[in-house]
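Side chains included, hydrogens not; waters and symmetry mates left out as well; all remaining heavy atoms used. This chain uses plain numbering: 1 for the first residue, then up along the sequence.
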Amino acid sequence: MPTVEQLERLLQADPNDAFVLYGLAQAHAKENRHEQAIEFYDRAIEADRTNGYHFFHKAKSQLALEQTEDAKATLEAGIIEARAVNDGKALGELSEFLASI
């Protein structure tokens with residue numbers, strides 16, 4: 001996995017690169033910097049709403065911050081997007097996660 005510094009350099013080249021934004025979010029979440037992670041997940045979602053993992057992992061960070069209602073809303077939004085793009089795998093994972101909260 002690239003370092004945060006490498007990802008930040010890549011982001012300078014393309015500030016709307018959903019893959020890089022997601023990578024930065026994941027790096028922050030891994031270091032328990034969930035507020036920063038959520039900011040990057042939000043940007044990744046804005047850049048690519050079709051990726052269910054953006055919603056899934058944003059909800060995980062929200063739960064880590066005890067933002068349960070926000071996490072549920074994030075998962076519900078992800079479910080809507082997964083249905084819209086007919087992504088059954090994401091739909092199943094997001095729905096299962098929501099049901100577990």
Side-chain angles (χ1 to χ4, degrees):
M1 171 129 183
T3 66
V4 170
E5 292 78 22
Q6 290 169 321
L7 290 168
E8 287 175 345
R9 280 196 300 276
L10 289 170
L11 191 61
Q12 288 176 353
D14 182 359
N16 295 313
D17 185 319
F19 182 77
V20 174
L21 291 164
Y22 177 73
L24 281 163
Q26 290 288 88
H28 284 291
K30 184 177 179 183
E31 297 296 323
N32 292 318
R33 294 188 301 264
H34 294 287
E35 289 177 1
Q36 293 91 337
I38 290 168
E39 290 175 21
F40 282 104
Y41 288 128
D42 282 339
R43 290 178 61 189
I45 290 167
E46 188 175 315
D48 179 10
R49 298 192 67 78
T50 67
N51 189 323
Y53 292 107
H54 298 167
F55 294 93
F56 187 93
H57 289 285
K58 177 184 175 185
K60 284 178 69 173
S61 281
Q62 289 170 315
L63 285 178
L65 295 173
E66 299 182 6
Q67 298 172 350
T68 305
E69 294 307 311
D70 291 338
K72 288 178 181 179
T74 294
L75 292 168
E76 290 167 355
I79 288 167
I80 290 168
E81 295 296 331
R83 279 193 186 117
V85 297
N86 200 29
D87 185 342
K89 184 176 187 319
L91 178 60
E93 291 179 10
L94 292 163
S95 297
E96 198 172 295
F97 188 8
L98 179 59
S100 74
I101 298 176

- Phe97-Phe56 aromatic ring centre distance below 6.0 Å: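 Ring centres of Phe56 and Phe97 closer than 6.0 Å.
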
Straight-line distance of [X] [atom1] to [Y] [atom2], nearest 0.5 Å:
X	Y	atom1	atom2	value
Arg33	Leu24	CZ	CG	10.0 Å
Leu63	Lys72	CG	NZ	9.5 Å
Ser61	Lys30	OG	NZ	14.0 Å
Thr74	His54	OG1	NE2	13.5 Å
His28	Glu35	NE2	CD	12.0 Å

- Do Tyr53 and Phe55 sit in the same hydrophobic cluster, where Ile, Leu, Val, Met, Phe, Trp and Tyr count as joined when their side-chain heavy atoms come under 4.5 Å apart?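 Per the 4.5 Å side-chain linkage, Tyr53 and Phe55 are not co-clustered.
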
- Query: Linking I/L/V/M/F/W/Y whenever any side-chain heavy atoms sit under 4.5 Å apart, do Ile45 and Ile79 land together?
  - Reply: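 Same hydrophobic cluster.
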
Evaluate the side-chain proximity of [Y] to [X]: yes if any heavy-atom separation is below 4.5 Å, no if none is.
X	Y	value
Tyr22	Tyr41	yes
Thr68	Ile101	yes
Asp17	Leu10	no

Determine the minimum heavy-atom distance between [X] and [Y], stating which atoms define it.
X	Y	value
Val20	Leu7	CG1-O, 3.3 Å
Leu21	Pro15	CD1-O, 3.9 Å
Ala29	Ala37	N-CB, 3.7 Å
Ala90	Gly52	CB-CA, 4.1 Å
Ile38	Gln62	CD1-CG, 3.6 Å

- Message: One thing to verify: whether Glu46 and Arg43 come together as a salt bridge, which I'm taking to mean a side-chain N less than 4.0 angstrom from a carboxylate O.
- Response: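 Judged by the 4.0 Å cut-off on N to carboxylate O distance, Arg43 and Glu46 do not form a salt bridge.
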
- Message: I'd like to know if Glu93 pairs up with Lys89 as an ion pair, taking the criterion as any Lys NZ or Arg NE/NH1/NH2 lying under 4.0 Å from an Asp or Glu carboxylate oxygen.
- Response: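 Salt bridge between Glu93 and Lys89, a charged N being under 4.0 Å from a carboxylate O: yes.
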
- Task: Spell out, as yes or no, whether a donor-acceptor pair under 3.5 Å connects the side chain of His57 to the backbone of Gln26.
- Result: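 Side chain of His57 to backbone of Gln26, a donor-acceptor pair under 3.5 Å: no, none is there.
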
- Query: Side chains of Glu81 and Thr50: donor-acceptor distance under 3.5 Å anywhere?
  - Reply: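 No, Thr50 and Glu81 have no side-chain donor paired with an acceptor closer than 3.5 Å.
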
- Message: If you count every heavy atom of other residues, nucleotides or ligands that lies below 6.0 Å from Glu96 atom CD, does the total exceed 12?
- Response: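 Counting other residues, nucleotides and ligands, CD of Glu96 stays at 12 neighbours or fewer.
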
